[in-house]
Amino acid sequence: MATDIYSSPLSERYASREMQFIFSQDMKFRTWRKLWIALAETEKELGLKDAEGNPRITEEQIEELKKYQDDINYEVAREREKIVRHDVMSHVYAYGQQCPGAAGIIHLGATSCYVGDNTDVILMREGLRLIRKKLINVIHELSGFAMKYRTLPTLAFTHFQPAQPTTVGKRATLWIQELMMDLEDLDYVLGSLKLLGSKGTTGTQASFLELFDGDEEKCRQADRMIAEKMGFEACFPVSGQTYSRKLDTRVVNVLAGIAASAHKFSNDIRLLQHLKEVEEPFEKGQIGSSAMAYKRNPMRSERIASLSRYVMIDALNPAITSATQWFERTLDDSANKRLSVAEGFLATDGILDLYLNVVDGLVVYEKVITKHLMAELPFMATENIMMDAVKAGGNRQELHERIRELSMEAGANVKEKGLDNNLLELIAGDDSFPMGLGELEESMNPSRYVGRAPGQVEEFIRDVVQPVLDENKDILGIKAEINV
């Protein structure tokens, strides 16, 4: 590895090798050659003729192209690009050097965007497929966590202030639900992807109309046949020279949505780790702080948040690029697009690997959770206590006022004096309430106050999540390793 030039952290630290290959030079230029083969095959199958009426493309030429489709002569292309300053024509030249018999029919009728744009769509498709696989595995792991802890009461917060109890598993369903929404968006975009096809310089297919002697049906067929050869159902029906950059916006917005969901999860885990209720994995030899040896910093969750912010902001790039294209095309999209789309995928890949790694090793400290809940539960049980006192003959309004006063007194004891919550003792010692301390303590079963949380978890996993997991069972079971 070269140490005297810039190296992207996305490659060195965060993204998986599988995602890096999708956006590698090998994948890009091999796909270019597959597209040139698909174009030549299509033109041959549609009966393209030369000026004398003979077949313009032969099977031998196509076989020659196939022989070298994965053997990229990079050095020839690089040297040629220094001369012509055009990446596509450099690779047309390099391919032709390997395939002299087919050199004259490579890229026939096409413009640069035929390989550039069609390849970009193909790479985004493969990237989305890998993201989908990892997203579903995160959902799978979280579902197991939710079911395991569906009945464990915990203190719920609104405004990060103690509210009514929920369960640890119910809280996890909130994380899952956002990921399920992301999956819906991803599947919609993935299912609607279209190739650019063979549209020519300004999208009119004029060059192909000339090649096919004015036969418009053959021009339409060419698009359909190329799409089928490359594994797509269709091409965009109309375009300029490029496919609409709106597509990049839609794709990266899906990535940004996943990043936002992951960021929310990472925030919750970091707050829970501060409370010492739930911790992310911490390896035996891991160092939390260079100065404070006792620390167990939530570095994985912090990294999720850090990468997620990058992806969410990155989504602005394709949006602005799409908004500022002029007429049939301008080239101010190229440099930005090479960075923003690929790096959005690499960063999201890293986020999901971290997410999966964290969920797979979450540690739950049940006794701490119960301790925190029980410290607040008397306040939350006051409505039930008041109703029991009313049933025994008390006046609702008078009891409400009295319990409010006692709650203020107990709260002051906790906040101002640093004492334990003694609300139950105060209520037991007040003549307005007919129950004793023992009876009140018996009513402090946290499970009485979690509402339908356990049932909601079971219903959500069974009715919403499990059908998706069942449909995708062949891609479940992956484990994520993080580099640093």
Side-chain angles (χ1 to χ4, degrees), residues 29-69 80 84 86-122 193-244 247 325-331:
F29 293 119
R30 289 174 186 176
T31 304
W32 279 19
R33 291 191 172 188
K34 288 176 184 176
L35 282 161
W36 279 322
I37 292 168
L39 178 63
E41 286 179 332
T42 296
E43 290 171 338
K44 177 181 181 296
E45 289 162 11
L46 288 173
L48 184 64
K49 307 290 185 182
D50 61 17
E52 284 75 39
N54 299 312
R56 179 65 184 85
I57 299 172
T58 67
E59 189 61 36
E60 289 74 24
Q61 289 174 314
I62 292 172
E63 288 304 313
E64 188 178 34
L65 292 176
K66 288 181 177 179
K67 181 179 178 180
Y68 293 97
Q69 67 179 12
R80 184 66 176 176
V84 300
H86 196 288
D87 57 350
V88 174
M89 292 313 297
S90 299
H91 277 267
V92 169
Y93 174 83
Y95 203 7
Q97 291 294 295
Q98 291 175 309
C99 309
I105 57 98
I106 299 171
H107 200 65
L108 185 57
T111 189
S112 299
C113 289
Y114 169 72
V115 286
D117 275 33
N118 284 319
T119 293
D120 285 348
V121 177
I122 291 167
L193 286 180
K194 298 179 179 65
L195 283 181
L196 169 66
S198 51
K199 295 295 197 296
T201 306
T202 59
T204 65
Q205 292 183 296
S207 58
F208 292 97
L209 192 63
E210 181 69 21
L211 282 174
F212 292 120
D213 298 322
D215 191 330
E216 293 193 26
E217 178 56 29
K218 286 188 176 180
C219 293
R220 287 190 287 269
Q221 284 182 303
D223 262 4
R224 291 195 294 267
M225 292 168 69
I226 290 168
E228 183 178 353
K229 291 176 188 296
M230 301 309 296
F232 285 79
E233 293 184 3
C235 295
F236 280 106
V238 294
S239 74
Q241 186 177 105
T242 69
Y243 65 73
S244 168
L247 174 60
Q325 287 292 283
W326 297 353
F327 301 117
E328 282 65 45
R329 98 145 301 171
T330 52
L331 200 57

Side chain to side chain, [X] and [Y], heavy atoms closer than 4.5 Å:
X	Y	value
S112	M89	no
V88	T111	no
L46	M225	yes
K199	Q205	yes
K218	F208	no
W36	H91	yes
L48	T42	no

Where do [X] and [Y] come nearest, in terms of heavy atoms and distance?
X	Y	answer
L247	L193	CD1-CD2, 3.6 Å
G53	K49	O-CD, 3.4 Å
I57	E43	CD1-OE1, 3.5 Å
D120	Y243	CB-OH, 3.7 Å
S207	G200	OG-CA, 4.4 Å
G197	C235	CA-SG, 3.5 Å

Hey, could you give me the [atom1]/[atom2] distance between [X] and [Y], rounded to the nearest 0.5 Å?
X	Y	atom1	atom2	result
E210	C219	CD	SG	10.5 Å
L211	D50	CG	CG	12.0 Å
I106	E64	CD1	CD	8.0 Å

Would you check if the side chain of [X] reaches a backbone N or O of [Y] as a donor-acceptor pair within less than 3.5 Å?
X	Y	answer
Q61	G101	yes
Y95	A102	no
N118	L196	yes
D117	T242	no
R33	Y68	yes
D223	S198	yes

Mutual orientation of the aromatic rings belonging to W32 and F29 [parallel < 30°, tilted 30-60°, perpendicular > 60°]: perpendicular
Full working for side-chain contact (heavy atoms from CB on, under 4.5 Å) between F232 and I226: CA-CA 8 Å; F232 285 79; I226 290 168; over 6 Å; no
Residues that K229 engages under side-chain hydrogen bond (donor to acceptor under 3.5 Å, both in side chains), provided they are two or more places apart: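 For K229, the residues satisfying side-chain hydrogen bond (donor to acceptor under 3.5 Å, both in side chains) (neighbours in sequence not counted) are E45.
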Non-neighbouring partners of E217 that pass side-chain hydrogen bond (donor to acceptor under 3.5 Å, both in side chains), sequence neighbours left out: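 If we apply the side-chain hydrogen bond (donor to acceptor under 3.5 Å, both in side chains) test to E217, skipping adjacent residues, the hits are R220, R224.
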Intermediate values then yes/no, side-chain contact (heavy atoms from CB on, under 4.5 Å), V121 and M230: CA-CA 11 Å; V121 177; M230 301 309 296; over 6 Å; no
Short side-chain donor-acceptor distance under 3.5 Å, Q241 and T201: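 No, no side-chain donor-acceptor pair sits under 3.5 Å.
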side-chain contact (heavy atoms from CB on, under 4.5 Å) between Q69 and I37, intermediate numbers included: CA-CA 8 Å; Q69 67 179 12; I37 292 168; 3.1 Å; yes
Residues forming a salt bridge (charged side-chain N to carboxylate O under 4.0 Å, His left out) with E60, sequence neighbours excluded: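 Checked E60 against salt bridge (charged side-chain N to carboxylate O under 4.0 Å, His left out); zero matches.
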Test side-chain contact (heavy atoms from CB on, under 4.5 Å) applied to I105 and L65, step by step: CA-CA 10 Å; I105 57 98; L65 292 176; 3.8 Å; yes
Just checking [X]: does its [atom1] atom have more than 12 heavy atoms from other residues, nucleotides or ligands closer to it than 6.0 angstrom?
X	atom1	answer
E233	CD	no
Q97	CD	yes
K67	NZ	no

E41/K66 salt bridge by N-O under 4.0 Å criterion: yes
